[in-house]
Amino acid sequence: MKILRFIFVPTLVLGCIPTATLRGQDAAPEAYATWSKLELSPEIRTFKERMRDGASLEAADKKFLEERVLPQLGLEDNRATIERVRRRIREWLIADIGLEKTQDDMNKTVLDAMSKLARDQAVEFPVQVNAMLLLGDLRAKDGKPWPQAVDALATAASDPKLPMALRIATLAGLAKHVEAANVKAVDNPVPTPVSKSALTAIQAILVEPLANDSRIPQDWLVSRAVMLLPAIARPPSNELLGRLTKILADPVRAIDVRVRTAAVLGTITGKKSEKIVPAMVDSIRGLAILSLETEQAAAEQQRFEIEYRSFVGGEQARNAEEPALQKFISEQTCRRAAWRLTTLADALLSVDGKSGLAMLLDGSGDAKGSGDAKGSGDAKGSGDAKGSGDAKGSGDAKNSGDAAKTLAACLRAGGASLDSHPDEQSLQEALVALKQSDQPAAGPDTPDANTPPVKSPRAPATPQPYNPFGS
C-alpha cells in the first residue's frame with residue numbers, strides 16, 4: 001500500500017525569547033507560513049541553540065511548540081515537502097538536545113500533539129499518516145527509539161477503528177522499537193515493556209476478522225505483525241501458537257500470509273509444543289501444494305483465454321497470439337513460488353539441519369493425529385481443511401521427524417529448480433514431486449524421498465538483473 005506523505009513543521013523556539021517577541025507571533029504570522037520560513041527565523045534558531053546548550057523546556061517553550069511549530073503539520077503550503085519537513089523535525093529540531101530530561105519533555109510534547117492529530121478526522125488523511133509516522137520516529141537522547149512512545153504505537157496499531165493505512169504506519173514505528181530492543185527472549189524470558197505492549201497489539205491483530213474491503217492492507221498488517229514475533233515471543237504461549245496454527249491452516253487467508261506464519265512457527269515453536277507440530281507439518285505440505293496449484297490454474301486460465309481469442313479471431317489472430325502461447329507463467333511468478341517453497345522448507349528444517357519443526361519430531365514418531373492438540377487453541381483437524389490442498393488422515397510415519405525432513409528436502413529442491421529455471425516445467429515438476437512425497441511408501445524399491453525426482457537435462461538459465469527474490 002502506498003502511504004501518502006505528510007508535512008510536518010517543527011519550530012521549537014522559546015526559552016530565553018522575550019515575552020514581547022512571543023506576543024509578536026500573533027502579529028507576524030508570515031514568519032511561520034511555511035517550514036522553510038520557520039527554520040530560517042531567528043526565534044527557532046535561538047530556541048535550538050538553547051536546547052542544545054542544556055536549557056530546560058519551559059512552559060513558554062512548550063506553548064510555542066504547540067501553537068506555532070507542531071500545527072504546521074497540517075499546513076497546505078508544506079504538503080509538497082512533507083517528507084523533508086518530517087525529517088527535519090526528527091533530525092534537526094528535536095535532536096542533539098543537551099539534557100536528557102529536556103529531550104524527554106520535547107518528545108512528550110510531540111507525542112501528545114501527534115497522537116491527537118493522527119486521530120483527528122477533520123484533517124486530511126496524509127496529515128494523519130505522517131503524524132503517526134513521526135511518533136515512530138521519536139528518539140531518546142541515546143539515539144534509540146523513545147520507549148515512552150511504545151504504548152501509544154501499540155494501542156493505535158491494534159485499534160480496528162483506525163484506517164488500515166494509519167495502522168500500517170503505526171506498526172512500522174512499533175517495529176523500530178522491537179528491532180532496536182534486540183530482545184533475546186530465549187536467554188531472557190522476563191518480558192520487557194516493549195515486548196509486553198507489542199505482543200498485546202500483535203495478538204489483537206491476529207484475531208481480527210478478515211475485512212473484505214481492505215484485504216490487501218490487512219494481509220500486510222498481519223504479515224508484518226507475525227514477523228515481529230521471533231524477537232518478543234520465545235517461548236510462545238499456547239494461546240499464541242494456537243492463533244498462528246489457525247492462520248497457517250486457514251484456506252481463506254492469503255498464501256503469503258500463511259507462508260510467513262509458517263516461517264515464524266518454525267522459529268518460535270519449542271519442544272514443549274511438539275504435540276501440535278504434526279498439524280503444522282500437514283498444513284505446510286498442503287500449503288505448498290496449494291500455492292503451486294494456484295499458479296498452475298492461473299496459467300491454464302490464461303492459456304484458455306489466449307486460445308479462445310485465437311479461435312474467434314481466425315488465422316490473423318492466431319499468428320498474433322503465437323508468442324504469448326509460449327509462456328503462460330511469468331518469471332516473477334516462478335521466483336515467488338521459489339521463495340514460498342524455500343521459506344516453507346526452512347520452517348521445517350534449517351539449511352544447517354540444526355533447527356526447525358522437523359527437529360521437534362525426532363524420536364517422537366508416535367504423535368497421533370495432526371489436528372488434535374487439545375488446550376492449545378488450535379483448530380481441530382487443521383490438516384484436512386477442504387480446499388486448502390492439505391493431506392488428509394496423516395499417520396505416524398508421515399508425521400515423523402524423518403518424514404518432515406524429507407518434505408523439507410523436496411520443498412528446497414523445488415524452490416532451487418524454480419529459481420534456476422523459472423518456467424512452467426519447473427513448476428509442474430515441483431508440484432509432481434510434492435504430491436509424490438505425500439504418498440506412503442510402496443515398498444523397498446520406492447526411491448528415497450530425500451532424493452529430488454530425476455529431471456531432464458536443462459541448460460542453466462540466463463541470470464536476470466531484476467530478480468526481486470534474489471539471484
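Note that the numbering runs from 1 along the sequence shown for the chain.
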Novice: Count the heavy atoms belonging to other residues, nucleotides or ligands that lie under 6.0 Å from NZ of Lys108, then report whether that count exceeds 12.
Specialist: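 No, the 6.0 Å shell around NZ holds no more than 12 heavy atoms from other groups.
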Novice: Could you please spell out the steps behind the side-chain contact (heavy atoms from CB on, under 4.5 Å) verdict for Ile232 and Ile202?
Specialist: CA-CA 10 Å; Ile232 59 176; Ile202 290 171; 3.7 Å; yes
Novice: Can you tell me how far apart OG (Ser355) and CG (Leu348) are? Round to the nearest 0.5 Å.
Specialist: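 The OG atom of Ser355 sits 11.0 Å away from the CG atom of Leu348.
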Novice: Would you say Arg167 and Met132 make side-chain contact, with heavy atoms under 4.5 Å?
Specialist: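 No. Closest side-chain heavy atoms not under 4.5 Å.
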Novice: State, yes or no, whether a side-chain contact exists between Thr109 and Leu70 at a heavy-atom distance under 4.5 Å.
Specialist: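 When only atoms from C-beta onward are counted, Leu70 and Thr109 do touch, with a gap below 4.5 Å.
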Novice: Between Arg86 and Asp137, is there a salt bridge with N-O shorter than 4.0 Å?
Specialist: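 Salt bridge between Asp137 and Arg86, a charged N being under 4.0 Å from a carboxylate O: yes.
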Novice: For the residue pair Leu206 and Lys246, establish whether any side-chain heavy-atom pair is separated by less than 4.5 Å.
Specialist: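 Sidechains of Lys246 and Leu206: no contact.
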Novice: So do the side chains of Arg215 and Leu210 get within less than 4.5 Å of each other, counting heavy atoms only?
Specialist: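 Yes; the side chains approach each other to less than 4.5 Å.
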Novice: In sequence, state the C-alpha distance, the side-chain angles, and the governing distance for Thr333 and Ser330, and then conclude on side-chain hydrogen bond (donor to acceptor under 3.5 Å, both in side chains).
Specialist: CA-CA 5 Å; Thr333 295; Ser330 68; 2.8 Å; yes
Novice: Can you measure from CZ (Arg224) to CD1 (Ile205) and round to the nearest 0.5 angstrom?
Specialist: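 The CZ atom of Arg224 sits 11.0 Å away from the CD1 atom of Ile205.
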Novice: Determine, stepwise, if the pair Asp159 / Arg119 fulfils salt bridge (Lys or Arg N to Asp or Glu O under 4.0 Å).
Specialist: CA-CA 11 Å; Asp159 188 349; Arg119 293 176 176 272; 3.0 Å; yes
Novice: Any heavy-atom pair between the side chains of Ile276 and Ser273 that's under 4.5 Å?
Specialist: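 Yes, at least one pair of side-chain atoms sits under 4.5 Å.
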Novice: I want to check something: taking the side chain as every heavy atom from C-beta on, are Leu427 and Gln296 in contact at a cut-off of under 4.5 Å?
Specialist: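 Side-chain contact under 4.5 Å: yes.
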Novice: Under 4.5 Å between any side-chain heavy atoms of Thr342 and Leu411, yes or no?
Specialist: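 Sidechains of Leu411 and Thr342: no contact.
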Novice: For Gln218, is there any backbone N or O sitting under 3.5 Å from a side-chain donor or acceptor partner on Ser214?
Specialist: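 Flag not set: sc Ser214 to bb Gln218 has no pair under 3.5 Å.
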Novice: Consider salt bridge (charged side-chain N to carboxylate O under 4.0 Å, His left out). Of Asp256, Asp346, Asp419, which one does Arg340 pass it with?
Specialist: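 Exactly one candidate clears the test, Asp256.
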Novice: Would you say that Arg139 contacts Pro145 through its side chain, given a criterion of any heavy-atom pair below 4.5 Å between the two side chains?
Specialist: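 SC-SC contact between Arg139 and Pro145 confirmed.
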Novice: Just by distance, do the side chain of Ser197 and the backbone of Ala154 share a donor-acceptor pair under 3.5 Å?
Specialist: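 No; zero donor-acceptor contacts below 3.5 Å.
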Novice: Please check this pair: side chain of Asp120 against backbone of Gln128, looking for a donor-acceptor N/O pair closer than 3.5 Å.
Specialist: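 No, Asp120 side chain to Gln128 backbone: no donor-acceptor pair under 3.5 Å.
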Novice: Walk me through whether Val432 and Glu429 qualify under side-chain contact (heavy atoms from CB on, under 4.5 Å).
Specialist: CA-CA 5 Å; Val432 169; Glu429 289 175 347; 5.8 Å; no
Novice: Within the side chain of Lys405, is there an N or O that forms a donor-acceptor pair under 3.5 Å with the backbone of Leu349?
Specialist: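 Here the side-chain-to-backbone pair does not exist.
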Novice: Start with the C-alpha distance between Ser350 and Asp352, add both sets of side-chain angles, then the distance that settles side-chain hydrogen bond (donor to acceptor under 3.5 Å, both in side chains), and finish with yes or no.
Specialist: CA-CA 5 Å; Ser350 60; Asp352 61 11; 2.4 Å; yes
Novice: Is there a salt bridge (Lys or Arg N to Asp or Glu O under 4.0 Å) between Glu76 and Arg79 once you walk through the steps?
Specialist: CA-CA 5 Å; Glu76 181 66 31; Arg79 201 61 45 79; 3.4 Å; yes
